[in-house]
Amino acid sequence: MTNPDEQRPVKLPVIYSFAIEGYQLFPGEDGRGIRHDVSDGVTIIVGLNGLGKTTLLNALYRCLTGPVQSGLMTLFNLGSQKPGLLDYRAADYFGNRVEDGAREATIELSVRFGGDELRIRRNLRTLNLTHLECRGIAQEPHEQAYRERVIELANLPRFEDFLVLLHYVVFVFEDRPKLIWDPSAQAELFRFVVNPASAATQYRTAFDRIASLDSERRNLRVQANRLRKQVDKARAAGATNRTLQARVDMLTTDVEGVKKAMDEVSAALVAADGRRRQARENLLRDEHEARRAQEDHLTLEQRYLRSIYPSAGEVASQVLVNAQEGCLICGDRTGAAIERVLSQVAVGRCPFCNQEPPADEPSVGGHDTTLAPADLERASGDARTWTLKLMASRDEVRKLGVEHGELSEQLNELLSQFNKMGQALSGMRRQLPPDEDRVKAMARQLDVMTDELEGLKHDQTLFEGQLESLVADTRKHVDELKDGIADRFNTYAGAFLQEECSLVYDPQERPIGQEGKSFSFPSFHVDMTSALSPEVGRTRSSAEQVSESQKEFIDLAFRMALIETLGSGAGAMIVLETPEASLDRVFAVKAGAMFGQFARSSGGSSRLIATSNVTDGPMIGAMLGVHSDPDDPRPVEEQPQFVPPVERQRHMVNLLRLAAANAALRRYRETYEETLEEAIGYAGD
């Protein structure tokens, strides 16, 4: 007879007790937190929205995972992802739900794998281990030690597989992945739950190597094909195309000539720019000197005129000064007015009446003794000299500007010509075949790539052969379990759904990678009737082919069937957020009874931990056997889900008493407690 452990080597985790202390959300009845021994059968976490039912389930889950997460995303098939050990920030979840950040909060868990017990205590804020005990022997509280103990006790190859088992099978959260609708997830799960750990490791190694080799081979083949086309093109072209090469050589010479001309024009442009800057500096200097000379000459003229008429008042002085700008009457700007004034002054006559001044008036010729006519003449000559220099500087700047512009334009034309010729040369060179040495080197590189491709193909074929044998063994193990899984599924689905729903074993052919060999992986799908096909069940291969509520319950039934089958004789557990809102009263009674019956399966050693709101619905009572299964003719006391009334309290974690009271509980506590007592207490009392 085959050893059951050889058929089903995996040992599922079963929680036997838990304690949460120092967490403000769960002060407990005595202020010391929650301590609960999980009895065989069903355990119901009852409460209201906002009291922490989901938080409690997550605390149990995270105590098992530790401060890591798999990184798997429920939106994608498991086959397209690789589980890892990624950091998980517990403070963002547990710490943010309480005022003190959960700094002193702890969670302790007793979990068994078959007959082996593991005790764990963690800080709830960080999930760091503070105590680890295996088979009654204390261990170093390190994560690596914990993970090694888990894979040893569960008989799994990797801790990542344990995370997949928890996520896809044991814990059923509201946002759970749908195992029944993901054939790749089923294949991955069967890999490590029906095979010994050593075979599961070989399976995973072969699978990953095939995927890696397939990808590597495809990438290398793309490069090899590209190189082969280049070699074939070069060989087809034969020797160097002399005509094209001559054109390339000629154009290369022309390009070099243009480049040389550009260098020469650039140098000339730099020199012209230097000369232009110097000419501009000279122009600024000449403008300054010419302005100074003109101002000096004008000052001397004004002094000379004032010295001739020392008694002239302000009006006369202003007239003489303004005469410098032209005639005061008609505005003539030819200079005739000032010339006339100066000529009259020179002969000692009045510049206005042309008469000699009276004897009693100061002499017109009364010159400033410090100012000689020669001084005035020198100032006039100096002004003329600088004016001529200024005109010459302006002309020089203009000529150099023209030269600079012409050189810039010439350089731009050469640059445009150089770019066009360079593009044409590049295009012509691309048309040239490689030289003979280059072609030989490319051919040698192609030979190396071809050998590498053959080696990769050889290795992939070896791993495919290994995997073919391992997948065949996996199918053989699943073949031994398929009928039991299907029967249990059909029973559970019948409690949840009104339509006829059956589980069909249907191995799926699919390749690994894009070009690898196809393998027949073990897989199940569902057939279900509908309003359009009430007599014959149609295959439902995706979640989109059923309603939202049907999708949830079909997947839940599949998980329960797997867990019960795999845990048969050794114990099993499922932890779920009860989907009671999706059921009417009749099916809520049936579903609750089925949950209770599941918890009594495997010889009474299985456990179901479920959450439920306190309502006047039948779910809580049905799970405890208060309500009779309508499909079971026996009295309710004889039905497998029945829990005697005196034992029902220990099958509950009553958050009405154990959790911090929210506004709804503070206001309506009496009503909620009466509703709960009625739900669990009136049968058998």
Side-chain angles (χ1 to χ4, degrees), residues 15 17-18 26 28-30 34-54 56-57 60 495-496 573-601 604 606-632 634-659 661-662 664-685:
I15 295 174
S17 67
F18 65 87
F26 303 129
E29 291 186 276
D30 56 2
I34 299 177
R35 283 191 168 273
H36 187 81
D37 293 329
V38 180
S39 302
D40 288 344
V42 66
T43 295
I44 310 173
I45 301 173
V46 297
L48 314 176
N49 289 333
L51 280 190
K53 300 187 301 298
T54 301
L56 180 53
L57 292 192
L60 301 178
F496 297 145
M573 175 186 71
I574 190 167
V575 183
L576 64 94
E577 290 183 283
T578 307
E580 54 194 305
S582 301
L583 296 169
D584 60 29
R585 183 175 183 84
V586 172
F587 276 83
V589 171
K590 293 181 63 177
M594 197 56 60
F595 288 147
Q597 291 174 25
F598 166 85
R600 294 292 182 178
S601 64
S606 292
R607 285 164 168 75
L608 181 141
I609 301 175
T611 63
S612 181
N613 277 334
V614 176
T615 68
D616 56 3
M619 180 64 74
I620 295 175
M623 285 192 283
L624 295 173
V626 173
H627 305 299
S628 175
D629 182 353
D631 294 330
D632 191 333
R634 293 174 295 177
V636 66
E637 293 83 358
E638 298 178 12
Q639 294 181 9
Q641 76 275 14
F642 179 74
V643 176
V646 295
E647 299 180 10
R648 289 172 188 166
Q649 287 292 343
R650 68 184 181 88
H651 284 269
M652 290 193 309
V653 178
N654 187 354
L655 295 185
L656 299 181
R657 300 177 181 176
L658 300 174
N662 59 15
L665 182 57
R666 290 194 300 270
R667 185 172 183 180
Y668 302 110
R669 176 182 291 275
E670 184 176 350
T671 301
Y672 285 123
E673 289 181 345
E674 289 176 357
T675 301
L676 178 59
E677 292 210 3
E678 182 178 346
I680 68 173
Y682 59 75
D685 285 344

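All heavy atoms count here, side chains included; hydrogens, waters and symmetry mates do not.
Note that the OG1 atom of Thr611 and the CD1 atom of Ile609 stand 11.0 Å from one another [nearest 0.5 Å]. Here the straight-line distance linking atom CE of Met573 with atom CG of Leu608 works out to 10.0 Å at 0.5 Å rounding. The distance from atom CZ of Phe18 to atom CG of Leu60, rounded to the nearest 0.5 Å, is 5.5 Å. Note that CG of Leu665 and CG of Leu655 are 10.0 Å apart. Values are rounded to the nearest 0.5 Å. With rounding to the nearest 0.5 angstrom, the CD atom of Glu677 is 7.0 Å from the CD atom of Gln649. Distance check, rounded to the nearest 0.5 Å: OG1 of Thr578 to CD1 of Ile45 gives 9.0 Å.
For Thr671, there are no side-chain hydrogen bond (donor to acceptor under 3.5 Å, both in side chains) partners, not counting sequence neighbours. With sequence neighbours left out, the salt bridge (charged side-chain N to carboxylate O under 4.0 Å, His left out) criterion links Glu674 to no other residue. With sequence neighbours excluded, no residue forms a salt bridge (charged side-chain N to carboxylate O under 4.0 Å, His left out) with Arg667. Residues forming a side chain to side chain contact (heavy atoms under 4.5 Å, CB included) with Asp616 (at least two apart in sequence, or on another chain): none. Taking Tyr672 as the reference, nothing meets the ring pair (Phe, Tyr, Trp, His ring centres under 6.0 Å) condition, with sequence neighbours excluded.
Taking each heavy atom of Glu577 and Thr54 in turn, the nearest pair found is OE2-OG1, 2.6 Å. Closest non-hydrogen pair, Ser612 versus Lys53, comes out as O-CD, 3.7 Å. Ala661 approaches Arg669 most closely through the heavy-atom pair CB-NH2, 3.7 Å.
Tested against Met652, the residues Ile680, Thr43, Val643 include a single side chain to side chain contact (heavy atoms under 4.5 Å, CB included) partner, Ile680.
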Would you mind writing out the side-chain donor-acceptor pairs for residues 619-626 within the sub-3.5 Å range, not counting sequence neighbours?
none

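Between the side chain of Asn662 and the main chain of Asn49, a donor-acceptor pair closer than 3.5 Å is present. With hydrogens and angles disregarded, a donor-acceptor distance shorter than 3.5 Å links the side chain of Arg607 to the backbone of Val38.
Looking at Leu656 and Leu51, their side chains come closer than 4.5 Å, going by heavy atoms from C-beta outward.
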